[in-house]
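Here's the structure we're looking at; comments come further down.
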Amino acid sequence: QARLVQSGGGLVQAGGSLRLSCVTSGINFKLNTMDWYRQAPGKERELVASIKGDGTATYAESAEGRFAVSRDWPRSTAYLQMNDLRPEDTAVYYCSSFWGRRYWGQGTQVTVSS
């Protein structure tokens, strides 16, 4: 049974930074793509960033240049570094990976005040 446990997030002023972590177990972390999604109130969940097993990263247009996704395979942990945060980045953020089925972290709230 795969498990994704998130940490990080919180309240930050606009322009600030936060780092989210996602510790995984039960998946082949070296091979799996790790995804970061977010869901703002009243909106659908959207993909923010992804990182493949080979380290190739892709970003949503809204995250490009401000967010950086990384992975530490000895620790089976993925990270999402978020810089220059804006009020519109306020959302619950989820890490996710597909291993037979899609698994999700528990979600963590990120609130950016103006």
Side-chain angles (χ1 to χ4, degrees):
Q1 181 78 3
R3 191 169 181 226
L4 282 62
V5 179
Q6 296 179 227
S7 61
L11 174 64
V12 65
Q13 288 188 330
S17 298
L18 286 172
R19 189 176 81 156
L20 307 182
S21 300
C22 177
V23 179
T24 72
S25 59
I27 65 172
N28 191 331
F29 185 80
K30 290 179 70 174
L31 297 178
N32 267 39
T33 296
M34 295 299 302
D35 302 309
W36 288 93
Y37 288 79
R38 69 185 181 188
Q39 187 165 20
K43 295 188 177 181
E44 293 192 356
R45 193 170 296 188
E46 63 172 345
L47 180 63
V48 175
S50 296
I51 184 165
K52 295 182 178 179
D54 65 1
T56 304
T58 56
Y59 300 92
E61 185 175 342
S62 59
E64 190 77 55
R66 299 187 299 125
F67 292 7
V69 61
S70 60
R71 59 194 300 153
D72 180 345
W73 72 260
R75 292 183 171 85
S76 298
T77 301
Y79 302 97
L80 182 67
Q81 176 68 41
M82 303 183 291
N83 301 320
D84 189 25
L85 283 161
R86 305 165 181 169
E88 54 264 39
D89 294 318
T90 296
V92 178
Y93 284 71
Y94 300 89
C95 62
S96 179
S97 190
F98 188 88
W99 184 247
R101 67 168 180 88
R102 183 156 289 279
Y103 288 89
W104 297 91
Q106 78 276 22
T108 185
Q109 178 70 45
V110 171
T111 303
V112 185
S113 63
S114 58

remark   = d(S76 OG, R3 CZ) to nearest 0.5 Å is 13.5 Å
request  = Taking all non-hydrogen atoms of both residues into account, name the closest pair between F67 and Y59 and its distance.
outcome  = O-CE2, 3.3 Å
query = Which distance, rounded to the nearest 0.5 Å, do you find between the CD of Q109 and the CZ of R38?
reply = 12.0 Å
ask   = Counting N and O atoms only, with roles assigned by atom type, does the side chain of S96 sit under 3.5 Å from a partner on the main chain of Y103, one being a donor and the other an acceptor?
value = yes
query = Quick one: does T90's side chain have a donor or acceptor within less than 3.5 Å of a partner on V112's backbone?
reply = yes
request  = Please say which of L20, D35, I51 ends up in a side-chain contact (heavy atoms from CB on, under 4.5 Å) with V69.
outcome  = I51
remark   = Heavy-atom nearest pair, R66 first then L85, reads NH1-CA, 3.9 Å
ask   = Do D89 and M82 have side-chain heavy atoms sitting under 4.5 Å apart?
value = no
ask   = Are F98 and L47 in one and the same hydrophobic cluster, where Ile, Leu, Val, Met, Phe, Trp and Tyr link if side-chain heavy atoms are under 4.5 Å apart?
value = no
remark   = Heavy-atom nearest pair, N28 first then W99, reads CB-CH2, 3.4 Å
query = So, for W36 and A78, which heavy atoms are closest and what is the spacing to 0.1 Å?
reply = CZ2-O, 3.8 Å
Sub-4.5 Å side-chain heavy-atom contact between S97 and F29 = no
task = Determine whether Y37 and V92 fall in the same hydrophobic cluster, where Ile, Leu, Val, Met, Phe, Trp and Tyr are linked whenever their side-chain heavy atoms lie under 4.5 Å apart.
result = yes
key: Point-to-point distance, once rounded to the nearest 0.5 Å, from OH of Y79 to SG of C95   = 12.0 Å
query = T108 side chain to G8 main-chain N or O, any donor-acceptor pair under 3.5 Å?
reply = yes
task = Could you go through the side-chain contact (heavy atoms from CB on, under 4.5 Å) check for L80 and M34 one step at a time?
result = CA-CA 10 Å; L80 182 67; M34 295 299 302; over 6 Å; no
Sidechain-backbone polar pair: R71 side chain, T33 backbone, donor-acceptor under 3.5 Å = no
key: Closest non-hydrogen atom pair between S114 and P87, with its separation   = CB-CG, 3.8 Å
query = Looking only at heavy atoms, which two atoms of D84 and S17 are closest? And how far apart?
reply = N-OG, 4.3 Å
task = Could you tell me whether the side chain of Q106 and the main chain of Q6 form a donor-acceptor pair under 3.5 Å?
result = yes
